[in-house]
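Just follow the structure's listing: the first ligand is 1, and inside any ligand the first atom is 1.
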Amino acid sequence: MTSEATSEPTSVTVLGLGAMGRALARTLRAAGHPTTVWNRTAGRAGELVEAGAVEADDPEKAIDASTITIVCVLDHAAVAEVLDAADAALAGATIVDLTSSTPEQARALAAQATERGARYLSGAIMVTTPMVGDVDAQFLYSGDRVVFDQHVATLRVLGGATEFVGEDPGAAAIFDLALLDVFFNGMAAFLHAAAVLRADGVSASDFVPYAQRVLDVLAPTFAELADNVDRGAHPGAEDNLDMELAALEHIVATSEARGIDSSVARVPRDLARAAVDRGHGRDNFSRVVDVLRTPS
Ligand SMILES: NC(=O)c1ccc[n+]([C@@H]2O[C@H](COP(=O)([O-])OP(=O)(O)OC[C@H]3O[C@@H](n4cnc5c(N)ncnc54)[C@H](OP(=O)(O)O)[C@@H]3O)[C@@H](O)[C@H]2O)c1
């Protein structure tokens, strides 16, 4: 077995050859890592074997073949099933789980693996398959810090923006879900805006440069919101909820006047309205966090 202290690339096993597992294995193999692969359904390793990967008959043999094993299957239940099937190989193994999960599921899997003598690192993939291997591809890890430190060079092959976010095995999952929260709400807001624009004859593509300039405003706004949330102070001297609520009502009214589903626009309107109703109309929009924390 190799270690990252030597110049030899670390051997890696990838369990699960769905779209993401294949991208991970392909990228590791292209970077010169001895790569072993396994998938529940046979016949998905063809291009990887052609590229020099070795296909194992079962997950136990696959884990035994490499220094570290990456698991990337559908969900938490599938990981538990794969680990059960590989029980005899777990003692002494290093498992890096890149399957999406909730924090609770990640903690349960970490406990299951470590009880059987494995070292366990949980990870979250914040990119799509074509971006695997890019310098700015974000991969977040949590759990066993020793595993991360020992194998960070190999993990960076998958994404240059590789970071350790905490020793709690659930931390990578909570970051994952928080980032997806921002991502999906952003996409839904964009699509709602596009539907409203198209109803008035403006193409969604023409809107893109304008929306991108709003992203430039949003980036520093996140830092301001975060500071207010962490301090528990929501000063509204420059912009306040009374003023913002008026704009939010216009968005909902304009959407509904065009027969468009306004549910996306009603979420920030209703949150702002609730904060105003609680007497916070002169506060910054960040005051909405209190409505979210203590819904009425
Ligand atoms: N694709 C992406 O862009 C992307 C991005 C970020 C994160 N992810 C995460 O990466 C993980 C894998 O996603 P994917 O896109 O590769 O999914 P996928 O293409 O649907 O592949 C699912 C994989 O899970 C395996 N699997 C399902 N149930 C199993 C079980 N009970 N036991 C063993 N293997 C089982 C499948 O094996 P069979 O071939 O036998 O069905 C297949 O290899 C997910 O957690 C996903 O959230 C994906």
A.B. asks: Once you restrict to heavy atoms under 4.0 Å, what part of V73 touches ligand 1? Side chain, backbone, both or neither.
C.D. replies: both

A.B. asks: Pick one: which of L121, L158, T94 meets side chain to side chain contact (heavy atoms under 4.5 Å, CB included) with I70?
C.D. replies: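 Exactly one candidate clears the test, L158.
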
A.B. asks: Got a salt bridge between D57 and K61, using NZ or NE/NH1/NH2 to carboxylate O under 4.0 Å?
C.D. replies: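 Answer for the salt bridge query: yes.
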
A.B. asks: Of M126, M20, H76, which has the heavy atom at the shortest distance from atom 14 (P) of ligand 1?
C.D. replies: M20

A.B. asks: Please compare N39, D176, L180 and report which has the shortest non-hydrogen distance to atom 43 (O) of ligand 1.
C.D. replies: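 Shortest heavy-atom distance from atom 43 (O) of ligand 1: N39.
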
A.B. asks: If you count the atoms of ligand 1 from 1 in the order shown, which ones are under 4.0 Å from a heavy atom of C72?
C.D. replies: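 Checking each atom against C72, I get 10 (O), 11 (C), 12 (C).
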
A.B. asks: Which of the listed options, I125, T128, V127, holds the heavy atom that is closest to atom 5 (C) of ligand 1?
C.D. replies: V127

A.B. asks: Indicate the atoms forming the closest heavy-atom contact of G16 with V73, along with that distance.
C.D. replies: CA-CG1, 3.7 Å

A.B. asks: Flag V82 as yes when one of its N or O atoms lies below 3.5 Å from any N or O atom of ligand 1, and as no otherwise.
C.D. replies: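 No; the residue has no nitrogen or oxygen that sits under 3.5 Å from a nitrogen or oxygen of the ligand.
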
A.B. asks: With a 4.0 Å cut-off, would you call R287 and D290 a salt bridge?
C.D. replies: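 Salt bridge present between R287 and D290.
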
A.B. asks: What distance do I68 atom CD1 and R119 atom CZ have between them, rounded to the nearest 0.5 Å?
C.D. replies: 13.0 Å

A.B. asks: Would L15 count as a contact of ligand 1 if the rule is a heavy atom under 4.0 Å away?
C.D. replies: no

A.B. asks: Quick one: look up the protein heavy atom nearest atom 19 (O) of ligand 1 and list residue, atom name and how far away it is.
C.D. replies: A19 N, 3.0 Å

A.B. asks: Tell me if the centroids of the rings in F148 and F164 come within less than 6.0 Å of each other.
C.D. replies: yes

A.B. asks: Below 3.5 angstrom, do we get any N/O pair linking S100 and ligand 1?
C.D. replies: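 In this structure, S100 places an N or O atom under 3.5 Å from an N or O of ligand 1.
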
